[in-house]
Amino acid sequence: MSTERTDRTDAPVASNFIRNVIDEDNRNRKWAGRVETRFPPEPNGYLHVGHAKSICLNFGVARDYDGVCHLRFDDTNPEKESMEYADSIIEAVTWLGYSWEKSGQSHLYFASDYYEQLYHFAEILIERGKAYVDSQSADEMRANRGSLTEPGRPSPYRDRTPAENLDLFRRMRAGEFAEGEHVLRAKIDMASPNFNMRDPVIYRIRFAHHYRTGDTWCVYPMYDYAHCISDAIEGITHSLCTLEFEDHRPLYDWVLDQLAQAGHFKRPLPQQIEFARLNVTYAITSKRKLLQLVTEKHVEGWDDPRMPTIVGLRRRGFTPGSIQLFCDRIGVSKADSWIDMGVLEQSLRDDLDAVAPRAIAVLDPLKLIIDNFPDDAEEACTAPVHPHHPERGSRAFPLTRELWIEREDFNEHPPKGYFRLFPGNKVRLRYGFVVECTGFDKDEHGKVTAVHCNYFADSKSGTEGSNNYKVKGNIHWVSAKHAYAAEVRVYDRLFNEPQPDAGGRDFLTALNPNSKRVAQAYLEPGAAQMNAEDRVQFERHGYFVADRYDSQPGKPVFNRIVSLKDSWGR
Ligand code: ATP
Ligand code: MG
């Protein structure tokens with residue numbers, strides 16, 4: 001059994017305001033038809049479902065306009081970054097189905113490769129009187145920043161000459177000063193209503209080891225300075241980012257405009273466009289909080305199947321196609337909102353329904369004994385691999401005297417409307433015979449240990465005689481003799497509150513204590529041969545995947561991806 005890799009690249013994509021901007025630029029020949037986007041993660045953690053939205057948007061736009069999307073590591077914070085994180089990001093983007101290659105050229109970049117250029121441009125700003133070394137303490141800078149109603153106060157160092165600034169900045173780079181002794185600030189407007197324009201810091205001193213540049217540098221550029229220049233160096237046309245950067249845009253434009261005036265970048269300059277970030281209910285998308293779940297062991301790692309990280313979604317069993325479909329469905333807008341987790345889960349169902357093979361699994365086994373079935377007889381039964389694709393053939397599994405059925409399919413005291421097994425009632429064993437319940441066994445605690453029945457030899461599914469039996473219940477089963485024992489990890493949502501961290505609440509109090517249940521299940525024989533990451537629909541139970549790491553042919557371990565129907569409803 002195997003699952004075909006699903007691929008959604010042919011799905012029609014709804015237009016959105018970003019595509020409208022690109023269409024307009026193309027009409028005006030602004031970029032001569034060129035579309036270059038970038039996905040710029042900081043390698044300080046694992047990517048999550050929110051990043052998937054940005055990836056699908058950036059790479060999707062590039063694909064649809066025959067452009068290219070760069071993968072750029074925005075690695076200008078030496079303390080928190082690592083190659084382990086960078087590698088995991090490369091793997092996640094690749095798994096999602098995207099590539100940063102075009103015409104044989106790779107567009108994988110690191111902002112840390114631009115350190116020399118970024119430094120050089122800072123000297124140019126200094127020479128042109130557009131940046132200065134400030135020697136105020138952090139507290140003084142804060143105190144002089146002003147407020148919403150009050151302009152900021154200029155630093156007493158604001159009027160240093162370019163020569164003085166250049167000398168200090170070079171000595172900052174040379175390591176002559178301690179952290180915090182000086183910073184380099186852009187000289188813009190201390191009275192601007194936009195705080196980001198009140199002479200923002202663009203370089204600070206950090207004696208920190210960087211995972212790529214080692215100890216070469218002790219001055220590091222700030223995000224707002226490094227990001228726009230990285231975009232311009234790479235020739236990005238449309239720089240798509242989340243809404244919180246909206247009031248950083250004037251600074252983005254200011255830096256590039258200064259360098260263009262100095263003759264370093266040709267116009268048009270890259271354009272920053274903001275979109276709403278993705279929030280998914282019953283999940284957390286803050287890297288810091290995800291890290292806390294891992295370090296405090298509330299989950300079993302970054303790739304715990306309950307984590308909204310891409311490695312977690314992958315291990316849970318989500319397909320790249322289902323995540324692309326989800327991103328297409330939620331679209332792109334300018335207004336922040338919450339998307340229901342059910343939308344993500346439904347995308348998985350819709351992606352897998354047409355392709356996942358079917359199989360039977362009994363997750364909470366109870367013995368059913370057919371007393372009038374000969375001891376060593378076997379009756380071959382068959383079922384379609386996929387109900388809507390007869391060309392995919394059928395699966396075979398034998399029916400024997402002793403079977404495993406779901407415990408919930410028997411009820412000693414059936415409530416009204418219960419059509420499954422109870423003494424005196426008839427049900428059909430799916431793909432097999434009609435049986436009539438004759439009794440049951442109990443242990444000394446009153447727990448039902450086995451159910452007894454008789455079968456009707458002329459009632460087999462698919463034969464003439466089967467029409468003579470009208471029963472309301474249809475239950476699934478596996479032969480006790482031929483079934484494969486398997487571990488099945490039944491996952492549910494990690495939180496039982498739609499907005500676990502709303503209103504400053506401690507999100508740990510919203511953890512769902514029942515988010516993982518391990519069942520010792522029995523599977524129909526063929527399911528034992530599934531390979532890691534093969535997906536299947538266990539009839540009645542939902543979609544499952546053979547665990548990426550723990551499952552082996554002959555010794556399968558399955559994760560439940562989602563149930564067949566949304567039980568969380570709203
Ligand atoms: P940090 O707080 O570490 O900056 P971050 O989530 O912003 O965390 P980045 O690595 O900077 O992480 O993100 C890379 C890109 O992904 C950015 O362009 C960012 O805007 C985008 N992104 C991050 N979170 C979301 C989200 N929830 N929805 C959509 N895009 C997101
Ligand atoms: Mg960020």
Side-chain angles (χ1 to χ4, degrees), residues 16 18 36-62 69-90 92-93 96 98 100 108-112 211 221-224 226-228 230-231 234 236 238-249 252 270-292 294 302 307-313 323-324 326-339 341 343-344 499-501:
N16 58 48
I18 291 173
E36 292 198 37
T37 55
R38 85 287 168 269
F39 173 63
E42 183 178 356
N44 65 348
Y46 285 79
L47 299 183
H48 54 62
V49 64
H51 295 111
K53 173 176 175 177
S54 180
I55 292 170
C56 291
L57 174 64
N58 279 292
F59 283 91
V61 159
C69 177
H70 301 187
L71 175 58
R72 179 199 315 143
F73 290 103
D74 222 326
D75 53 355
T76 52
N77 270 319
E79 286 95 347
K80 294 189 223 149
E81 300 162 354
S82 77
M83 204 60 212
E84 178 204 346
Y85 288 134
D87 286 338
S88 81
I89 290 170
I90 288 175
V93 176
L96 278 174
Y98 297 108
W100 43 89
L108 175 68
Y109 302 106
F110 293 82
S112 53
Y211 76 105
M222 301 298 286
Y223 172 88
D224 281 329
H227 196 85
C228 53
S230 303
D231 282 349
E234 292 174 17
I236 298 301
H238 303 85
S239 181
L240 315 179
C241 65
T242 36
L243 274 182
E244 68 268 26
F245 292 103
E246 194 164 19
D247 53 11
H248 295 238
R249 191 184 342 126
Y252 182 105
Q271 180 186 359
Q272 173 178 311
I273 307 172
E274 307 85 18
F275 63 93
R277 62 191 294 128
L278 170 65
N279 301 300
V280 183
T281 59
Y282 301 96
I284 291 242
T285 49
S286 146
K287 277 186 199 166
R288 183 177 59 76
K289 291 173 186 168
L290 292 174
L291 178 66
Q292 190 184 343
V294 173
W302 286 103
M307 288 282 273
T309 51
I310 297 185
V311 281
L313 292 170
I323 296 173
Q324 290 173 21
F326 170 67
C327 291
D328 287 349
R329 283 180 177 172
I330 60 177
V332 184
S333 82
K334 272 271 187 199
D336 275 316
S337 68
W338 285 79
I339 301 291
M341 177 63 92
V343 179
L344 177 61
Q499 298 179 11
D501 49 0

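Note that ligands are numbered from 1 as they come in the structure, with each ligand's atoms numbered from 1 the same way. Predicted, not measured: the structure shown is a model, and the values here were computed from it.
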| task | Could you tell me which residues satisfy side-chain contact (heavy atoms from CB on, under 4.5 Å) with Lys80, sequence neighbours excluded, listed by chain and number? | result |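 Applying side-chain contact (heavy atoms from CB on, under 4.5 Å) to Lys80 gives Asn44.
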| request: Check each of His51, Glu42, Glu274 against atom 6 (O) of ligand 1 and report the one with the nearest heavy atom. | output: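 It is His51 whose heavy atom sits nearest to atom 6 (O) of ligand 1.
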| Pick from Arg72, His48, Lys80, Lys287: the one approaching atom 8 (O) of ligand 1 most closely through a non-hydrogen atom |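 Looking at heavy atoms only, the winner is Lys287.
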For ligand 1, which atoms, with element, lie under 4.0 Å from some heavy atom of [X]?
{"X": "Ser54", "answer": "16 (O), 21 (C), 30 (N)"}
{"X": "Phe39", "answer": "15 (C), 16 (O)"}
{"X": "Thr242", "answer": "19 (C), 20 (O), 29 (C), 30 (N), 31 (C)"}
{"X": "Asn44", "answer": "3 (O)"}
{"X": "Pro41", "answer": "10 (O), 14 (C)"}

| Looking at side-chain heavy atoms only, is the closest gap between Gln272 and Tyr252 below 4.5 Å? |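 Yes - at least one pair of side-chain heavy atoms lies under 4.5 Å apart.
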| field | Close side-chain approach of Leu290 to Trp302, heavy-atom, < 4.5 Å | value |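 A side-chain contact under 4.5 Å exists here.
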| said: If you apply the rule ring pair (Phe, Tyr, Trp, His ring centres under 6.0 Å), what do you find for Phe245 with Tyr223, and how did you get there? | reply: CA-CA 11 Å; Phe245 292 103; Tyr223 172 88; 5.2 Å; yes
Nitrogen or oxygen of [X] less than 3.5 angstrom from that of ligand 1:
{"X": "Arg38", "answer": "no"}
{"X": "Glu244", "answer": "no"}
{"X": "Thr285", "answer": "no"}
{"X": "Lys53", "answer": "no"}
{"X": "Cys241", "answer": "no"}

| query | Taking atom types as modelled and ignoring hydrogens, do the side chains of His238 and Gln271 form a donor-acceptor contact shorter than 3.5 angstrom? | reply |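 Short answer, no.
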| Which is it for Tyr46 and Tyr85 under the ring pair (Phe, Tyr, Trp, His ring centres under 6.0 Å) test, yes or no, and what are the steps along the way? | CA-CA 6 Å; Tyr46 285 79; Tyr85 288 134; 5.6 Å; yes
| task | To the nearest 0.5 Å, tell me how far Cys228 SG sits from His248 NE2. | result |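 Interatomic distance, Cys228 SG to His248 NE2, rounded to 0.5 Å: 12.0 Å.
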| query | Thinking salt bridges, do Glu274 and Arg249 make one under a 4.0 Å N-O criterion? | reply |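 The answer is yes: the pair qualifies as a salt bridge.
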| task | Identify whether the distance between the nearest side-chain nitrogen and carboxylate oxygen of Asp336 and Arg277 falls below 4.0 Å. | result |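 Result for this pair is no, no salt bridge flagged.
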| query | Between Pro40 and ligand 1, which residue portion shows a heavy-atom distance shorter than 4.0 Å: side chain, backbone, both, or neither? | reply |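 Within the 4.0 Å criterion, Pro40 contacts ligand 1 through backbone and side-chain atoms alike.
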